[in-house]
Amino acid sequence: MHGASVRQNVTGMGALRTWHRTSRRCCAYTAAATAVSAEKCVIMEVAKTMPSEEGLGNRESQYLSILDNLPGYIVILSPTGEFEFHHQKLSEFTGAPPDELRKWKGNDLIHPDDLAGVMQAIEDCLRTGEDSDIEYRLKRFDGVYRWFNSRGRPQRNGNGDITRWYFLLVDVDDRKRTEEELRENQAYIAEGQSLSQTGTFYWNTQTNERRFSDELYRLMEIEPGTVITDELLASRVHPDDHQLLQQKVEAGQQNRGGLDYEIRLKGPSGRVRWVHTIGRSYRGENGSLDYIGAVRDITERHTSEEVLSKLRSELTHMARVTSLGALTASIAHEVNQPLAGILANASTGLRMLSSNPPNVGGALETARRTIRDANRASDVITRLRALFTKKETVSEGVQLNDAAREVIALSLTELQRNRLVVLTEFADDLPVIRGDRVQLQQVILNLLLNASDAMRSVTDRPCELLIRTTGDLQNGVCVTVRDTGVGIDPESAAKMFDPFYSTKNSGMGIGLSVSRDIIERHGGRLWAEPNEHHGASFHFSIPNQT
């Protein structure tokens with residue numbers, strides 16, 4: 001500064017000394033100006049230690065040194081809003097000379113979008129005499145606008161009249177950008193939670209404080225910001241799941257593992273939602289056991305599983321009815337004639353034996369024909385083609401790894417309900433074979449369900465079900481289903497593939513017989529063998545007939 005600007009600075013410093021004496025009670029500013037408050041307190045401490053008789057130049061030199069090291073810019077206005085003093089550093093920041101700074105209302109030093117707000121704020125504080133606090137963008141010497149926080153406070157004389165206005169400008173651009181990024185991140189998180197229907201929570205088990213995200217408030221039909229109590233939480237849980245909730249809360253309080261469970265919610269609207277809660281525990285600053293977790297709406301998944309389970313049950317029932325119907329039709333058609341022959345032969349034999357004298361030779365011949373027709377009726381049972389409505393087997397390329405995966409996916413819920421651990425070992429580069437995909441999948445499904453039934457009563461060891469595929473020497477494939485169940489009874493080993501033979505009370509004795517017929521019609525082989533320790537393994541091999 002030169003000339004008049006120097007005089008303004010000197011005058012301003014005298015006013016600044018007065019401001020220091022009258023503003024001693026205001027050393028504590030907000031967090032954004034904490035560093036500035038500390039520097040002002042230093043200025044006042046210097047003022048108290050400087051004897052009044054010392055030279056003005058020495059004191060003001062020290063004041064200027066202190067001001068130059070403040071993390072902000074000082075501006076002093078008259079009671080009517082005219083410039084009386086400003087930091088030289090403010091001119092250096094803006095690149096504008098003092099005359100340009102005084103004309104801030106008519107230039108672009110303040111961002112055009114913020115100018116009206118700044119003018120209104122200064123007008124309000126001049127009119128009301130109250131402190132001012134506003135944020136706006138100020139243009140740097142290179143043309144870049146940066147955010148500043150401007151705080152204004154009046155100096156009053158003994159009569160209470162305002163004699164000066166003091167403004168402190170602090171660069172808060174970095175803070176504003178951080179806040180904006182935080183708001184954007186929070187918006188992204190909120191949008192992500194809404195799209196995924198996942199809410200988040202915090203739980204302090206020591207104080208029982210709970211904090212919910214907006215999405216979790218929505219899922220539980222609670223007004224955002226409401227304090228979450230045990231009673232309120234219980235009121236949003238389905239009555240049939242209250243005991244489960246209590247168990248999980250107690251387990252969480254006692255740190256017996258993380259939170260991971262599914263439960264039903266039922267809010268004031270009466271709508272029932274299935275949600276999956278998962279949480280991780282950690283120790284808080286005071287040693288408290290805290291949880292951070294997420295709650296996801298899985299109602300749609302549960303509904304789909306219920307529909308799928310019902311459909312699967314209906315399909316299984318339909319398959320059984322269809323198989324039984326086909327079997328009944330086959331028996332009715334094929335056994336009718338031999339049974340009629342047996343009846344006729346028996347009647348003829350009785351007549352021959354009843355004649356006088358008895359026709360023993362004729363009776364023997366009719367007995368032989370009776371035995372022949374009985375054997376013919378017995379052979380019908382092994383003709384399992386009647387179980388399938390197709391006249392010819394569909395031949396197509398089948399990748400048994402994919403076929404097995406589809407069967408596992410279809411029956412996984414049923415297998416898991418029986419506490420089974422399903423393991424797979426699928427060979428890489430398994431050759432594609434020719435066959436009927438549906439029939440081969442029926443074989444795999446029969447073997448899986450038989451293995452599941454064999455482990456139903458096992459309680460002293462893990463129930464593991466292994467599905468393995470391998471290639472064989474004839475460039476074909478081999479599929480193995482291995483269980484850890486009750487194993488194979490030696491007495492029934494030779495009969496298990498016979499039609500209608502079953503060791504289960506509710507079994508029809510059709511599954512293995514049908515499966516063997518299907519594999520044999522594909523040119524393959526189906527067999528079983530006991531495991532070394534527990535359970536049994538069923539294998540079938542299919543040659544590559546391409």
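We count residues from 1, following the sequence as given. Below, all heavy atoms of this structure are taken into account, side chains as well, without hydrogens, waters or symmetry copies. Since this is a predicted model, take the numbers as computed values, not measurements.
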Asker: Are the charged groups of E209 and R211 less than 4.0 angstrom apart, N to O?
Answerer: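 Here E209 pairs with R211 in a salt bridge, since their nearest N and O are under 4.0 Å apart.
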Asker: State, yes or no, whether a side-chain contact exists between I292 and T200 at a heavy-atom distance under 4.5 Å.
Answerer: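 I292 does not reach T200 side chain to side chain.
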Asker: Which residue, Q246, Q253, Q247, K248, forms the side chain to side chain donor-acceptor pair (under 3.5 Å) with E250?
Answerer: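 Considering Q246, Q253, Q247, K248, a side chain to side chain donor-acceptor pair (under 3.5 Å) with E250 is found only for Q246.
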Asker: Who passes side-chain contact (heavy atoms from CB on, under 4.5 Å) against D174, sequence neighbours left out?
Answerer: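 Scan of D174 (side-chain contact (heavy atoms from CB on, under 4.5 Å), adjacent residues dropped) gives R146.
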Asker: Please check if the number of heavy atoms outside D429 that lie under 6.0 Å from its CG is greater than 12.
Answerer: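 At most 12 heavy atoms, drawn from other residues, nucleotides or ligands, come within 6.0 Å of this atom.
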Asker: Can you list the steps and then say if F167 with I134 is a side chain to side chain contact (heavy atoms under 4.5 Å, CB included)?
Answerer: CA-CA 11 Å; F167 289 86; I134 188 173; over 6 Å; no
Asker: With sequence neighbours excluded, what pairs up with N531 under the side chain to side chain donor-acceptor pair (under 3.5 Å) test?
Answerer: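 Scan of N531 (side chain to side chain donor-acceptor pair (under 3.5 Å), adjacent residues dropped) gives S537.
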Asker: Could you measure the distance from the CG atom of L440 to the CG atom of D436? Nearest 0.5 Å is fine.
Answerer: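 Nearest 0.5 Å value for the CG-CG distance: 6.5 Å.
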Asker: R140 side chain to V144 main-chain N or O, any donor-acceptor pair under 3.5 Å?
Answerer: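 Such a contact is absent between R140 side chain and V144 backbone.
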Asker: Could you check whether any side-chain heavy atom of I542 comes within less than 4.5 Å of a side-chain heavy atom of I519, counting everything from C-beta outward?
Answerer: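 Yes, their side chains come closer than 4.5 Å.
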Asker: Do other residues, nucleotides or ligands put more than 12 heavy atoms under 6.0 Å from N286 CG?
Answerer: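 Atom CG in N286 is not crowded, with 12 or fewer foreign heavy atoms closer than 6.0 Å.
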Asker: Nearest 0.5 angstrom please: I222 CD1 to F212 CZ, how far?
Answerer: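 Answer for the CD1-CZ pair, I222 versus F212, is 6.0 Å.
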Asker: Apply side chain to side chain donor-acceptor pair (under 3.5 Å) to N149 and D133, showing your working.
Answerer: CA-CA 7 Å; N149 174 257; D133 189 348; 3.0 Å; yes
Asker: Counting C-beta onward and ignoring hydrogens, is there a side-chain heavy-atom pair between R175 and E180 closer than 4.5 Å?
Answerer: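 Side chain of R175 against side chain of E180, heavy atoms only: no contact under 4.5 Å found.
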Asker: Check whether any side-chain heavy atom of R153 sits under 4.5 Å from a side-chain heavy atom of C125, and report yes or no.
Answerer: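 Contact flag for R153/C125 side chains = no.
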Asker: Could you walk me through whether R218 and D214 satisfy the salt bridge (Lys or Arg N to Asp or Glu O under 4.0 Å) test, starting with their C-alpha distance in whole Å, then the side-chain angles of each, then the deciding distance to 0.1 Å, before giving a yes or no?
Answerer: CA-CA 6 Å; R218 187 192 68 80; D214 289 345; over 6 Å; no
Asker: Does Y145 have any ring-ring contact (aromatic ring centres under 6.0 Å, His included) partners at least two apart in sequence or in another chain, and if so, which?
Answerer: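 Testing Y145 for ring-ring contact (aromatic ring centres under 6.0 Å, His included), a comparison that skips the adjacent residues, returns H111.
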Asker: How close do T299 and R273 get, counting heavy atoms only, and between which atoms?
Answerer: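 Shortest heavy-atom contact: OG1-CA, 3.3 Å.
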Asker: So, N204 side chain and T207 main chain: donor-acceptor pair closer than 3.5 Å or not?
Answerer: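 Side chain of N204 to backbone of T207: a pair is present.
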Asker: Does this structure show an ion pair linking E262 with R301, if we count only N-O contacts that are shorter than 4.0 Å?
Answerer: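 The answer is yes: the pair qualifies as a salt bridge.
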Asker: For the side chain of D171 and the backbone of F148, is there at least one donor-acceptor N/O pair under 3.5 Å apart?
Answerer: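 Not a single qualifying donor-acceptor pair exists.
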Asker: Under 30°, 30 to 60°, or over 60°: which ring-plane class applies to F93 and Y73, parallel, tilted or perpendicular?
Answerer: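 Tilted, since the angle between the ring planes falls between 30° and 60°.
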Asker: Would you say L420 and S452 make side-chain contact, with heavy atoms under 4.5 Å?
Answerer: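 Yes; the side chains approach each other to less than 4.5 Å.
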Asker: With T480 as reference, evaluate E425, E529, H539, R468 under the side chain to side chain donor-acceptor pair (under 3.5 Å) test and give the passing residue.
Answerer: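 Answer to the side chain to side chain donor-acceptor pair (under 3.5 Å) test with T480 among E425, E529, H539, R468: H539.
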Asker: Check step by step if side chain to side chain contact (heavy atoms under 4.5 Å, CB included) holds for E464 and L423.
Answerer: CA-CA 7 Å; E464 296 181 345; L423 307 174; 4.2 Å; yes
Asker: So S269 and E221, side chain to side chain donor-acceptor pair (under 3.5 Å) or not? Walk me through it.
Answerer: CA-CA 8 Å; S269 67; E221 299 184 30; 2.7 Å; yes
Asker: Any luck finding a side-chain donor-acceptor pair between S288 and D290 under 3.5 Å?
Answerer: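 Yes - a donor-acceptor pair under 3.5 Å links their side chains.
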Asker: So that I can tick it off, tell me whether D173 and K176 are bridged by a salt bridge, with the cut-off set at under 4.0 angstrom between side-chain N and carboxylate O.
Answerer: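 No salt bridge links K176 with D173.
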Asker: Give the minimum heavy-atom separation between P431 and G476, together with the two atoms involved.
Answerer: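 Closest pair (atom of P431, atom of G476, distance): CG-O, 3.6 Å.
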Asker: Counting N and O atoms only, with roles assigned by atom type, does the side chain of H534 sit under 3.5 Å from a partner on the main chain of V486, one being a donor and the other an acceptor?
Answerer: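 Judged by distance alone, no pair lies under 3.5 Å.
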Asker: Return yes when atom CD of E300 has more than 12 non-hydrogen atoms of other residues, nucleotides or ligands closer than 6.0 Å, and no otherwise.
Answerer: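 Atom CD in E300 is not crowded, with 12 or fewer foreign heavy atoms closer than 6.0 Å.
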Asker: If you look at every heavy atom in L245 and A234, which pair is closest and at what distance?
Answerer: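 Looking at all heavy atoms of both residues, the closest pair is CD2-CA, 4.2 Å.
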Asker: First locate atom CD of Q399, then atom CZ of F426, and finally report the distance between them rounded to the nearest 0.5 Å.
Answerer: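 Answer rounded to 0.5 Å: 9.5 Å.
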Asker: Looking at CG of L400 and OG1 of T470, how far apart are the two atoms once the value is rounded to the nearest 0.5 Å?
Answerer: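 That separation rounds to 10.5 Å.
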Asker: Closest heavy-atom contact between L465 and A451?
Answerer: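 Closest approach of L465 to A451: CD1-CB, 3.9 Å.
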Asker: Go through the steps to decide whether D230 and R210 satisfy the test salt bridge (Lys or Arg N to Asp or Glu O under 4.0 Å), and finish with yes or no.
Answerer: CA-CA 10 Å; D230 289 340; R210 294 183 177 94; 2.9 Å; yes
Asker: Identify the residue among D483, D453, V422, I467 that makes a side chain to side chain contact (heavy atoms under 4.5 Å, CB included) with L448.
Answerer: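 Single pass found, and it is I467.
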Asker: To the nearest 0.5 Å, tell me how far S235 OG sits from L265 CG.
Answerer: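 CG of L265 is found 10.5 Å from OG of S235.
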Asker: Any side-chain heavy-atom pair from L259 and Y291 closer than 4.5 angstrom?
Answerer: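 Of all side-chain heavy-atom pairs linking Y291 with L259, at least one is under 4.5 Å.
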Asker: Mind listing the closest non-hydrogen atom pair of V249 and W203 along with its distance?
Answerer: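 Closest approach of V249 to W203, heavy atoms only: O-CH2, 3.6 Å.
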Asker: Holding to side chain to side chain donor-acceptor pair (under 3.5 Å), I want the full list of residues that pass it with E520, two or more places apart in sequence or in another chain.
Answerer: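 E520 satisfies side chain to side chain donor-acceptor pair (under 3.5 Å) with no other residue.
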Asker: Side chain to side chain donor-acceptor pair (under 3.5 Å), that's the test. Do D297 and H276 meet it? Break it down for me.
Answerer: CA-CA 7 Å; D297 188 338; H276 179 201; over 6 Å; no
Asker: For T469, give me all partners under side chain to side chain donor-acceptor pair (under 3.5 Å), at least two apart in sequence or on another chain.
Answerer: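 Result, side chain to side chain donor-acceptor pair (under 3.5 Å) vs T469: N401.
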Asker: Do the non-hydrogen side-chain atoms of V295 and F201 ever get within less than 4.5 Å of each other?
Answerer: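 A side-chain contact under 4.5 Å exists here.
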Asker: Work out which heavy atom in A403 is nearest to a heavy atom in V398; give both atom names and the distance.
Answerer: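 Closest approach of A403 to V398, heavy atoms only: CB-CG1, 4.4 Å.
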Asker: Does R461 have any side chain to side chain donor-acceptor pair (under 3.5 Å) partners at least two apart in sequence or in another chain, and if so, which?
Answerer: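 Expected list: none.
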Asker: Could you give the distance from CH2 (W527) to CZ (R525), rounded to the nearest 0.5 Å?
Answerer: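 Result: 4.5 Å between the selected atoms.
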Asker: Could you tell me if the side chain of C478 sits less than 4.5 Å from the side chain of F540, heavy atoms only?
Answerer: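 Result no, sub-4.5 Å side-chain heavy-atom pair not found.
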